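Contents: one structure, followed by commentary.
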Amino acid sequence: MGITLSLLVMAALLLIVILGTGVLHLYYFFGVVIPYLALATFLLGIIYRIIKWARAPVPFHIPTTAGQQKSLPWIKDSKFDNPSMPAGVVVRMALEVLFFRSLFRNTKFELHEGPKLTYHWEKWLWLAALVFHWSFFLIFLRHLRFFTEPVPGFIPFLEGLDGFLRVGVRALYLTDIGILVAVTYLFLRRVMFPQVRYISLPADYFPLMLIFTVAFSGVLMRYFYRVDITAVKELAMGLVTLHPRAPGEVGLLFYIHLFCVGVLGAYFPFSKLMHMGGVFLSPTRNLANNSRAYRHINPWNYPVPVHTYAEYEEEFRDKMKLAGLPLEKE
């Protein structure tokens, strides 16, 4: 059901852009209006989600830990898996954001006859996620050449590293291959593994299909169906300088690519893709585990009448004594 619904939505999006540019020739709408609307939705949506998360109360420290907590001086603690200082939290967060350390430590277990519980190496998911995110990030940086004039020096340097392989005289970008392979694996994993397919929703399939369409259309334009790069550059610079100009008949494939990028940007803040920003505001990640050194008091507490244990025991002394319960004060 999730795959079918996602495919129908993707087909509808493609039909919209094909009819809009190929039949109705709405170049200004799809080349200028849609990108501006998508960017506004992206920025406002992210601001809304960040403010909403930042206002959520965190009454006590709830960090996710995976090692020995700091306690007595002669007991070796895990400074990164169970940090007790802000510096350790920064290192753990950096390892999580840059290298997905918690996903690398993930294992899969199965129950066999016997009964026997076995654990399996589960690194393909980590590798696919790592390749996908880094490829996406480097592709985003490479595309800055369309939105800047002059082009920053680090962009040609990245392009040289990314495209050191050549097919004839043309550079073959490793990130292009990496993102297609990684997205394909992440999609097939949800389709082929029954346990993952059972918990997968349209919100899981649709982003993968959308990102694959963006990447695949970009690869087609790069290696097979060339578009007018000068017109694309003029469009991008016009959008950045707030002097937009309709690019005209750049090519249907370009408009499919641009429209899907806009849909992805508008969809981003309201989807699971927002984990990109949420990981920094997650109290299970950004807090130190120092509950043995400091007492954390809920800052939202307000004065309320309390009933101490001493008062409780005094009130129910006779009944507790008849029930054989121990009493602190005889």
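No experiment lies behind these values; they were computed from the predicted model shown. In this chain, numbering begins with 1 at the start of the sequence shown.
- In terms of heavy atoms, Phe146 sits closest to Lys233 at O-CD, 3.6 Å.
- The aromatic rings of Phe212 and Phe216 lie parallel to each other, with less than 30° between the two planes, well short of the 60° mark.
- Within 6.0 Å of CZ in Phe99 there are 12 or fewer heavy atoms belonging to other residues, nucleotides or ligands.
- When all heavy atoms of Phe270 and Thr41 are compared, the pair lying nearest together is CE1-CG2, 3.8 Å.
- Residues satisfying the side chain to side chain donor-acceptor pair (under 3.5 Å) criterion with Ser271, sequence neighbours excluded, are absent altogether.
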key: Audit row: Asn286, Phe280, side-chain contact (heavy atoms from CB on, under 4.5 Å) steps and yes/no   = CA-CA 7 Å; Asn286 60 15; Phe280 295 99; over 6 Å; no
request  = For Arg190 and Leu186, run side-chain contact (heavy atoms from CB on, under 4.5 Å): C-alpha distance rounded to whole Å, both residues' side-chain angles, the deciding distance at 0.1 Å, then the answer.
outcome  = CA-CA 7 Å; Arg190 291 196 172 275; Leu186 294 174; over 6 Å; no
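- When ring centroids are compared, His133 and Phe100 come within the 6.0 Å threshold.
- Ring centroids of Phe259 and His257 are separated by 6.0 Å or more, keeping the two rings apart.
- Aromatic pair Tyr255/Tyr27: ring centres closer than 6.0 Å.
- Taking the six-membered ring for Trp and the full ring otherwise, the centers of Tyr312 and Phe316 sit less than 6.0 Å from each other.
- Leu235 and Val240 fall within a single hydrophobic cluster, where Ile, Leu, Val, Met, Phe, Trp and Tyr side chains are chained together by heavy-atom contacts under 4.5 Å.
- A 4.5 Å side-chain heavy-atom check between Met274 and Trp53 finds at least one atom pair inside the cut-off.
- Two rings, from Tyr185 and Phe132, have their centers 6.0 Å or more apart.
- Using a cutoff of 4.0 Å between basic side-chain nitrogens and carboxylate oxygens, Asp81 and Arg92 are not scored as salt-bridged.
- A salt bridge links Arg142 and Asp176; the closest N-O separation between the charged side-chain nitrogens and carboxylate oxygens is under 4.0 Å.
- Considering every non-hydrogen atom in both Met209 and Phe187, the closest pair reads CE-CE1, 3.7 Å.
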ask   = Could you go step by step and tell me if Leu13 and Phe206 meet the side-chain contact (heavy atoms from CB on, under 4.5 Å) rule?
value = CA-CA 12 Å; Leu13 293 176; Phe206 178 67; 3.9 Å; yes
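- Counting all heavy atoms, side chain and backbone alike, Val232 lies closest to Val227 at CG2-CG2, 4.2 Å.
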